[in-house]
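One is the number of the first residue; the rest follow in order along the sequence. Bear in mind that the values here come from a model prediction, so they are computed numbers and not experimental data.
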Amino acid sequence: MDVVHLPFQIHPEIPSGGIEAGPRVGPMYRGLEREAADVGLPLIWPARLPDTRTALAAAEWVRLRRPDASPDFNRGLFTARFVLGEDLGDIAVIEWHANEVGIDHDALRAALADGTASASLAEAESLGAQFGVRATPSWLIAGELISGLLPQSEFERRADEAMSRG
């Protein structure tokens with residue numbers, strides 16, 4: 001079974017420069033914190049929500065052109081956001097993390113400037129929309145869309161059901 005990570009912007013309404021995040025309370029945040037702790041991931045909630053469109057376009061461009069570096073690049077962006085508190089709306093942050101995994105930042109910068117990376121992102125988002133993606137995380141397993149943060153046992157149960165039907 002192949003797993004393909006496609007980008008999806010949760011909050012396209014966030015302007016360039018980001019917005020204040022406000023308090024992170026409630027069951028969704030407790031679930032995220034629990035899931036991160038269960039797998040040993042540090043999770044620090046930054047004070048601002050960035051405009052992630054450029055970072056998502058960069059991630060999709062890297063996935064298509066350097067699939068070998070894509071997992072490490074995505075991990076670097078996650079670390080930047082949720083461990084280091086870096087602004088994913090800042091092109092310098094994106095380029096630094098691209099450079100760390102051997103991505104030619106001049107080629108990436110050109111793809112971001114000429115719209116190539118944005119076009120790749122739009123294609124991925126269109127594909128997700130065709131399958132009904134409206135939230136993250138979402139998985140398409142054996143033709144069934146499973147959305148939202150689920151406890152691992154519930155996700156596994158639903159995935160097993162989808163696979164047995166598929």
Side-chain angles (χ1 to χ4, degrees), residues 3-64 69-101 103 105 108-140 145-152 154-155:
V3 175
V4 178
H5 293 113
L6 297 177
F8 182 81
Q9 190 172 20
I10 299 172
H11 295 289
E13 74 280 1
I14 293 177
S16 178
I19 60 171
E20 292 298 316
R24 273 44 171 261
V25 295
M28 179 184 75
Y29 293 105
R30 284 192 302 275
L32 287 168
E33 290 163 353
R34 185 176 48 254
E35 291 290 324
D38 287 350
V39 295
L41 289 174
L43 181 58
I44 299 169
W45 298 111
R48 297 187 63 73
L49 296 175
D51 171 9
T52 58
R53 191 128 193 98
T54 301
L56 291 170
E60 181 61 1
W61 184 87
V62 168
R63 183 186 75 81
L64 293 171
S70 182
D72 289 336
F73 181 59
N74 289 338
R75 195 172 4 270
L77 293 179
F78 180 89
T79 299
R81 173 84 176 112
F82 292 108
V83 177
L84 304 173
E86 295 175 344
D87 179 3
L88 292 185
D90 182 347
I91 189 66
V93 168
I94 297 165
E95 289 177 352
W96 190 90
H97 288 281
N99 190 54
E100 284 295 294
V101 297
I103 302 300
H105 73 270
L108 175 58
R109 182 180 292 157
L112 290 168
D114 72 12
T116 304
S118 294
S120 296
L121 174 59
E123 286 179 35
E125 289 174 327
S126 177
L127 181 61
Q130 289 173 26
F131 287 100
V133 173
R134 298 204 190 330
T136 63
S138 292
W139 300 268
L140 184 64
L145 183 66
I146 300 173
S147 289
L149 179 64
L150 303 173
Q152 184 173 341
E154 176 65 9
F155 174 79

Asker: Could you tell me if the side chain of Q9 sits less than 4.5 Å from the side chain of D51, heavy atoms only?
Answerer: yes
Asker: Specify the closest pair of heavy atoms between L112 and A117, including all atoms of both residues, with the distance to one decimal.
Answerer: CD2-CB, 3.7 Å
Asker: At their closest point, which heavy atom of I94 faces which heavy atom of F73, and how far apart are they?
Answerer: O-CE1, 3.8 Å
Asker: Output all residues satisfying side chain to side chain contact (heavy atoms under 4.5 Å, CB included) with A36, sequence neighbours left out; order by chain, then residue number.
Answerer: L41, L43
Asker: Please answer whether the main-chain N or O of P46 pairs with a side-chain N or O of R81 as donor and acceptor at a distance below 3.5 Å.
Answerer: no
Asker: Taking the side chain from T79 and the backbone from R75, do they hold a donor-acceptor pair closer than 3.5 Å?
Answerer: yes
Asker: Look up atom NE2 in H5 and atom CD in E60, then write down how far apart they are to the nearest 0.5 Å.
Answerer: 12.0 Å
Asker: Does H11 have any side chain to side chain donor-acceptor pair (under 3.5 Å) partners at least two apart in sequence or in another chain, and if so, which?
Answerer: E13
Asker: Using 0.5 Å steps for rounding, measure from the CG atom of N99 to the CD atom of E95.
Answerer: 9.0 Å
Asker: Assess the residue pair H97 and V93 against the criterion (side chain to side chain contact (heavy atoms under 4.5 Å, CB included)); give the C-alpha distance rounded to whole Å, side-chain angles, the decisive distance to 0.1 Å, and a yes or no.
Answerer: CA-CA 6 Å; H97 288 281; V93 168; 3.8 Å; yes
Asker: Going by side chain to side chain contact (heavy atoms under 4.5 Å, CB included), name the residues that satisfy it together with A129, two or more places apart in sequence or in a different chain.
Answerer: none
Asker: Within this structure, what is the CZ-CG distance for the pair F131 and L145, rounded to the nearest 0.5 Å?
Answerer: 9.5 Å
Asker: Evaluate side chain to side chain contact (heavy atoms under 4.5 Å, CB included) for L6 paired with R63, printing each intermediate quantity in order.
Answerer: CA-CA 9 Å; L6 297 177; R63 183 186 75 81; 3.4 Å; yes
Asker: Do any pairs count as a ring pair (Phe, Tyr, Trp, His ring centres under 6.0 Å) and have a residue in residues 38-64, sequence neighbours left out, and if so which ones?
Answerer: Y29-W45, W45-F82
Asker: What are the two closest heavy atoms between A59 and N74, and how far apart are they?
Answerer: CB-OD1, 3.5 Å
Asker: Rounded to the nearest 0.5 Å, how far does CG of L121 lie from CG of L56?
Answerer: 6.0 Å
Asker: Residues two or more places apart in sequence or in another chain: which of them pass side chain to side chain donor-acceptor pair (under 3.5 Å) with D114?
Answerer: T116
Asker: Roughly how far, to the nearest 0.5 Å, is the CD1 atom of I103 from the CG atom of L108?
Answerer: 7.5 Å
Asker: Could you measure the distance from the OG1 atom of T52 to the CG atom of L77? Nearest 0.5 Å is fine.
Answerer: 10.0 Å
Asker: Which pair of non-hydrogen atoms, one from V133 and one from S138, has the smallest distance, and what is that distance?
Answerer: CG1-OG, 3.9 Å
Asker: Looking at residues at least two apart in the chain, or sitting in another chain, which of them share a side chain to side chain donor-acceptor pair (under 3.5 Å) with Q130?
Answerer: none
Asker: Which atom pair, heavy atoms only, marks the closest approach of V83 to I44?
Answerer: O-CD1, 3.4 Å
Asker: Any side-chain heavy atom of R48 sitting closer than 4.5 Å to one from E20?
Answerer: yes
